[in-house]
Structure formats: C-alpha cells, structure tokens
Protein chains: 2
Amino acid sequence: MEKVGIKDIAARANVSTATVSYVLNGTRNVRPKTKERVLKVIEELNYRPNDIAKSLKSNRTNTIGVIAEDVTVFNVPEIIDGINDYADRYDMHILLTNLRLQKRIGYNYSKMEDYRKYAQDAVSNLLSKQVEGIIYIGVHPRDLTGLVNTYNKPIVYTYCYANDAKSVQYNDEQASYDAVNYLVSKGHSRIGVISGLMDSIPSRLRFNGYYKALTEFQLPFDPQFIKVGDWGLDSGYRLAGELLSLADPPTAILVMNDLMAAGALRCASEQGVVVPRDLSIVGFDNREFSAYLSPSITTVELPLHDMGILAMKSLASMISGDGEVIDETPLCRLIERESVAAPRTAGK
Amino acid sequence: MEKVGIKDIAARANVSTATVSYVLNGTRNVRPKTKERVLKVIEELNYRPNDIAKSLKSNRTNTIGVIAEDVTVFNVPEIIDGINDYADRYDMHILLTNLRLQKRIGYNYSKMEDYRKYAQDAVSNLLSKQVEGIIYIGVHPRDLTGLVNTYNKPIVYTYCYANDAKSVQYNDEQASYDAVNYLVSKGHSRIGVISGLMDSIPSRLRFNGYYKALTEFQLPFDPQFIKVGDWGLDSGYRLAGELLSLADPPTAILVMNDLMAAGALRCASEQGVVVPRDLSIVGFDNREFSAYLSPSITTVELPLHDMGILAMKSLASMISGDGEVIDETPLCRLIERESVAAPRTAGK
DNA sequence: CTGTTAGCGCTTTCAC
DNA sequence: GTGAAAGCGCTAACAG
C-alpha cells in the first residue's frame, strides 16, 4: 500500500496514466463514467499526487522563497503573515529561511562579510529548490544593494531595499507629517522631536516629515527641540529630560519609536510632569507594550501586513510576467491612545 | 545560457553525466584532473543543481513542513526560530504554512470544523510536496488529537499536543512551583494566585505547581486567595482588587500571565499599594512589555526556543528512524525583575 | 474520448 | 576511474 502512483491508479482503473492525469488536473474532457471510475480508485488507494514529479515535468513549483533576516524581530511576523495572506489565495507555498541575523552576528557590523555569505547561501539553496521568486525581509529599512545575486530570478525586498531590485516600503515621511499634523490639530505648536540614530533611513524620513509639517503650519523651528537618541529606552528617558529642562519646553514630543517614548514617559512621570496633561507624546511602531503602559502611548503603526501582501503581489506579477507594476507605498496609521491631549496653555 | 544542466556540463567537459554527478556529490572517486575540469566547467556555466530532479530520484527532499496555527501570536516566532536553529545544522529546509487561525476564525469555536479542514488541507499539501515530516505549532497548549491525518508521515506537535503522536511540551507545573518557591525564599507565606481560565491546561498545571508548593512548604491554603481570571488585563485588575480588599490580603500574587499581572500592577498602583514594597507580583510569559512597565515584572519565561529545537530534533530522529527517543521537557526560567521583594512584615 | 510515449534533470547500477 | 542507460512520477504532445 506504500507509494501508490498514477500508474497504479491507471492499472486498477483500466485506463492509461494519461487519463488519470487528465482527471486529476481537469486538463481534458474525460467521459463521466471513466472519470468516476478513476476517482473511485484514487479514493480506494488513497492516492496523493507527487508534486516533486509534477514540478520536474512542468517546471513550476508554486513555491517562493522567503528570507527573513530574523523572524523574532518584532515587525517581521506580521509581514510574513501578509505574505501568507496573499500567497494562500494563489496556492503559493513558502520555503522559509530564517537568517537569524540578530542571534548570529548581532549588530556587529564587522561580521558583515559573514552575513553576506549566509544570505547568498540562502539564495542559492532556494534557487536549487527551484523557487519561482524570493522575498527578502530585512530587520529595518536600509540599503542592501549588491548583497545577493539571484541570477535573474525575481526578488522583492521589503522592510529594506536594494537599488537594483523591486522593494516594498511604507511611507515614513507621511507618517511623521501626519503625527505632527495630529498634534497641531490638538492645539500644539511647540513640538519637540526625539529622533533615532541619524544614520538610519527612517530617522531621516521621519525628520523630513516633522520638518515639512513645521514649515507648512508655520510653527517655530527651534533647534533645541531636536534631540537625537539611539532607539533605546534610556536615550528616550535622558533626552526627554533635556527637553523638559528647557526654559520654555515643548508641549508635545514626537518620539521616533515606542521604546524611547516609554523612556520619555518614565522621565516625565519621575519629574511630576503628567502625560498627557502637561506633555503629549507620540511614539512609533505600535509595539505591544505601548498599549499597556499608563498612560498608553498614542503611536504610529506600520502597515506591515500590507507590506507583506504587496511584496507577494509584486513578486507574483513578476513571476507571471504580466507586466503589471505594483507601485503602492502603504501608509502608516496613527493609533490614538492616552498620551496626547490639548496643551495646558492652549493656543499659541 | 539559460537552464544549464548536468548534461551540458558533461558535454563541455567531455565526461559522462555520471561523472559530473560523482564530482558534485563526492559519491565516488574521480581522477583529480577530471574533477578539476568538471569543476571548471561548472563554474564557467554557472551551474546550479536542480534539487527537484534530485529529490525525485533520491526520494528525499530534506524538507519538512511547519504548520503554525498563527505566526503572529507572541510565542510562535521564537519556536520557529528554534526549529531553524536545529534545521540549519542539518541542512533541512522548511516549508511554512501559516494557518492564520486567529484572523480566520478568531476564537469562534463553532467554526472549528472549518478549521480542521484548513489544517488537513495544509497537511495534504505538504505531503504532496513530499516533506519528510511535519511540525505543528499551536497557539496554546491544548489537545489536538485527531485533528489531522498524516498518513504515517512523522509529525510532532509543540505548544499543543495529540495523544496519538509525539509532542514537545514544557514543564508548566514545575515553573509554577519554582515561582512559589522563589516567593517563599523571599519571605512570603501569604501567596495568592490569579489563574487563567480553568478549562486551560496551563492553568491547571500551574495551579498544581502552586498547590504542591503550598503543601510542601506548609503554607496556609486559603480559598479566598484563589482567583480565576480570563487571561485579560481587566480580569487581573479586577481580581487583584478583590485580593487586596481581603481583611488579611496576600503579600504576594502569582499571576498566570503577564497581561493579568499588568492589570494587577495597575490596580495596586491606583490603590496606593506600592509594588514590590507592599505587594509582590510574579507573572508568566515574559511578554515584551513586562520589562517596560514600572516596576518591571518578574516573570516566568517559557523555553520556546528549546521547544523548537527539541521538536525538530525529535522529528529528525523519527525521519532517520534511528530509534532515538527525545524525551526532554524543557524547564521555564524565572526572570527576576522589580516586582518582587521581601514582604513588609517579613517572617510569619 | 483515450492510449502511447518521450522526456523533465538527476542518481546509481552495471559493465567496462 | 569512467560511461551507458534505466528509471524516479508525472505531463502533454501525438496518434488514433
């Protein structure tokens, strides 16, 4: 009873293997009577097609490779979920490679050459497995041009990019602009910013959005209001302290991630500055904890699920060669929670 | 230059395809000179082996299927990471199926029949793809006996189980016992518990551990100290309130997840009960936010990575048929943070 | 409407 | 040390 193949079905049903194949795939009309007989035997013998053989012949695997730099990094699972969301609808399968970047080399960029090797190996393995395309999910937005060679197989990057390939990003500048806009709508005009490291693309983009909004709403631009953190909670704590100790401190702070926002919150709390009454705070990322702090943090949620969907959609169209170009840049969404209110001394 | 195969290499190097195969796999000795020539041509033509063809012939895919009920559920990515950790070392590849349970049917158990269909389809697809085994990752520990039929392919369950198959679990009872032990070592004797829903296996196991520790240390067992929550933050808040309003309230509470612990924390804070001075709290899960609350929560971390490793290890040994039986039940680890201290009125 | 058959790209036995 | 050739389980001409 082991390993029943199309041939066994054919023999038992007194038809040719071709006919079995036809009823299996509906590739051609088969007399109902014959079809029924074949189906019955398939049932009896509990036959399951062998996709490997099928793939060898048809040159299609319906499988794509997904390379995740690190599946345990907070934003990554939701992107994968988006990829699945789209892939499921088209019966595409996913061969997952987890580079385990964080655990293998941490943030030690001197090991970057090792890393390139891992990445290229992953691509090569996937290619050997005949994937029809690859999606590469980074751990944060940065330029990965030249990291790997896919030998003309389509690849799309997301949550990172490469200049010589398709990538799916989200609109960071707009998100920041919208956040400031929201603060302005609440009556704020003295708006500080705690940025992430300045060599980071999101930091730059978010700063652009902040600056653009300031300009557009004709708000005062005070260099003292601009603080550069390192994404860590402690830096948010420290920089919020600096902001608060200004002679004329901001009434609101745009903080470029929830971790630093949590630090800012803690600092405010310790200084007796009550959020949001005395100070409004907006974070970024919608990290899980941002909903559980007191006050909960109003924050910008990244469109991760959509990025996954779009990455898969782009890849699918590249694979099918239908020429359709997916060119959306999904928007972030502001999650209103408790850390923002009108400034105490409203108006300007 | 497209699609170079073993045949092209053979022709260009003036050898047979067999020889090419031999140098590729080191299956047989080849004269160094010949070998070198073949290797050179492989390089020149930039040949990449086709694993599909290889698999068809060899009947091995080096691929296992991983079915995750939901990759976005907080504990799941780390389990996957563990699977990768082990799989990488043995050059095993992973075909990932994400059932998207949460998003598809939520907690609507009336749709359970639909769910079984999804699960069985996932298994069938994976089987067609000729995976050598399957790892099934649940979203929480529960009995899944009879959910799917793998037609004798090995399957191992983790973060859930089935009575008729191998599963990798962690030691919940011990974790709870250890947590109480820890509280006792700090001087507590009046220890309350806020449990999760009582139809949940972890709730039962953790309660067992709690009860066992109480018994063993001859601590008072007061039914009033036992509260049953629903895993949500609000229930933790409410039940901590009930505990605190007792005539003689506990000095420490074992809370069966971090979410309810966060609720308990909030309740204490609002009542002016300062944690950990007036009340110690231990949570479960080591959720991300538990480190960022003030005070941060001392909590029990689940050995998710190990579970992934062990699941993969078990599956690998089932596949190889080496008869080795992996029978470890990894332990949880208590993460000491700020929410526990000696009781104010130390001693008994 | 159905059957025969030539491969898909590789591994491996058997022969030299 | 090397080559010829038989398949692995399927699909899709091509021929009836």
Side-chain angles (χ1 to χ4, degrees), chain A residues 1-39 41-42 45-63 124-125 127-132 151 153, chain B residues 1-39 41-42 45-63 124-125 127-132 151 153:
Chain A
M1 174 157 172
E2 272 297 339
K3 286 289 121 205
V4 343
I6 212 178
K7 220 183 293 180
D8 306 286
I9 307 294
R12 196 102 121 76
N14 275 309
V15 293
S16 70
T17 60
T19 302
V20 177
S21 173
Y22 294 137
V23 344
L24 239 23
N25 302 296
T27 330
R28 207 156 73 176
N29 270 349
V30 175
R31 192 154 52 95
K33 198 93 180 272
T34 318
K35 184 169 177 177
E36 195 189 336
R37 187 154 33 101
V38 172
L39 254 14
V41 176
I42 285 177
L45 265 45
N46 189 23
Y47 165 78
R48 342 220 87 257
N50 181 330
D51 282 351
I52 293 290
K54 187 168 176 164
S55 291
L56 180 59
K57 180 69 188 158
S58 66
N59 218 3
R60 297 222 42 191
T61 54
N62 284 313
T63 301
S124 295
N125 282 327
L127 257 25
S128 283
K129 289 254 172 229
Q130 308 301 111
V131 297
E132 301 185 7
Y151 302 97
K153 278 280 178 197
Chain B
M1 171 158 176
E2 271 298 340
K3 288 286 121 205
V4 340
I6 214 180
K7 219 183 293 178
D8 306 286
I9 308 293
R12 196 103 121 76
N14 274 311
V15 293
S16 71
T17 59
T19 303
V20 178
S21 174
Y22 295 138
V23 344
L24 240 23
N25 302 296
T27 330
R28 207 155 76 175
N29 271 349
V30 175
R31 190 153 52 94
K33 198 89 179 274
T34 317
K35 184 170 177 174
E36 195 189 335
R37 188 154 32 99
V38 171
L39 254 15
V41 176
I42 284 176
L45 264 44
N46 187 25
Y47 166 77
R48 346 218 85 260
N50 181 330
D51 281 351
I52 293 290
K54 187 168 177 164
S55 292
L56 180 59
K57 182 69 188 156
S58 65
N59 218 4
R60 297 222 41 193
T61 53
N62 283 312
T63 301
S124 295
N125 282 327
L127 256 25
S128 283
K129 290 253 171 230
Q130 309 300 113
V131 297
E132 301 185 7
Y151 302 97
K153 279 280 176 195

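In what follows, every chain begins at residue 1, and chains take the letters A, B, ... in the order their sequences are listed.
- A/R48 CZ to A/I42 CD1: the interatomic distance, rounded to the nearest 0.5 Å, is 10.5 Å.
- The CZ atom of B/R28 sits 9 Å away from the P atom of C/dT13 (whole-angstrom rounding).
- Within the nucleic acid shown, B/S21 comes within 4.0 Å of at least one base atom, counting heavy atoms only.
- Heavy atoms of A/T19 sit under 4.0 angstrom from primed sugar atoms or phosphate atoms, though from no base atom.
- Atom CG of A/N46 sits about 4.5 Å away from atom OH of B/Y151, to the nearest 0.5 Å.
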### Query
Where do B/T61 and B/K129 land on the side-chain contact (heavy atoms from CB on, under 4.5 Å) test, with the steps shown first?
CA-CA 9 Å; B/T61 53; B/K129 290 253 171 230; over 6 Å; no
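- OP1 and OP2 of C/dC8 both lie 4.0 Å or more from every side-chain N or O belonging to A/N59.
- Here the side chains of A/Y47 and A/L24 are in contact, with some heavy-atom distance below 4.5 Å.
- Atom P of nucleotide C/dT5 and atom NZ of A/K7 are separated by 13 Å, given to the nearest angstrom.
- Within the 4.0 Å cut-off from OP1 or OP2 of C/dC8, not a single side-chain nitrogen or oxygen of B/K3 is found.
- One distance of note links CG of A/N50 with CG of A/L56; it measures 10.0 Å at 0.5 Å rounding.
- Minimum atom distance to the side chain of A/K57 is reached by C/dG7, of the listed C/dT11, C/dC14, C/dG7.
- B/Y47 has its OH atom 7 Å from the C1' atom of C/dG9, to the nearest Å.
- From the 5' end on, the contacts that DNA chain D makes with chain B at under 4.0 Å to a non-hydrogen atom open and close at D/dG1 to D/dG9.
- B/K54 comes within 4.0 angstrom of sugar-phosphate atoms only, judged by non-hydrogen atoms across all strands, and of no base.
- For residues 30-39 of chain A, proximity to DNA chain D is found at no residue, defined as any non-hydrogen atom under 4.0 angstrom from a strand atom.
- A/V15 comes within 4.0 angstrom of sugar-phosphate atoms only, judged by non-hydrogen atoms across all strands, and of no base.
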### Task
Start with the C-alpha distance between A/I9 and A/V38, add both sets of side-chain angles, then the distance that settles side-chain contact (heavy atoms from CB on, under 4.5 Å), and finish with yes or no.
CA-CA 7 Å; A/I9 307 294; A/V38 172; 4.1 Å; yes
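- Proximity of B/N25 to the phosphate of C/dT11: a side-chain N or O atom is located under 4.0 Å from OP1 or OP2.
- Across all strands, A/D8 comes closer than 4.0 Å to no nucleic acid atom at all (heavy-atom distances).
- Nucleotide C/dC10 holds its P atom 17 Å from the CG atom of A/N50, rounded to whole Å.
- Distance CD/A/E36 to CZ/A/R31: 11.0 Å, rounded to 0.5 Å.
- If you measure from atom CG of A/L56 to atom P of C/dT11, you get 12 Å, rounded to the nearest angstrom.
- If you check the side chains of A/K54 and B/S128, you find no donor sitting under 3.5 Å from an acceptor.
- In this structure, CG on A/D51 lies 8.0 Å from CG on A/N62, to the nearest 0.5 angstrom.
- For B/N29 and B/A53, each mapped to the nucleotide of DNA chain D holding its nearest heavy atom, the one lying further toward the 5' end belongs to B/N29.
- At most 12 heavy atoms of other shown residues, nucleotides or ligands fall within 6.0 angstrom of atom NZ in A/K35.
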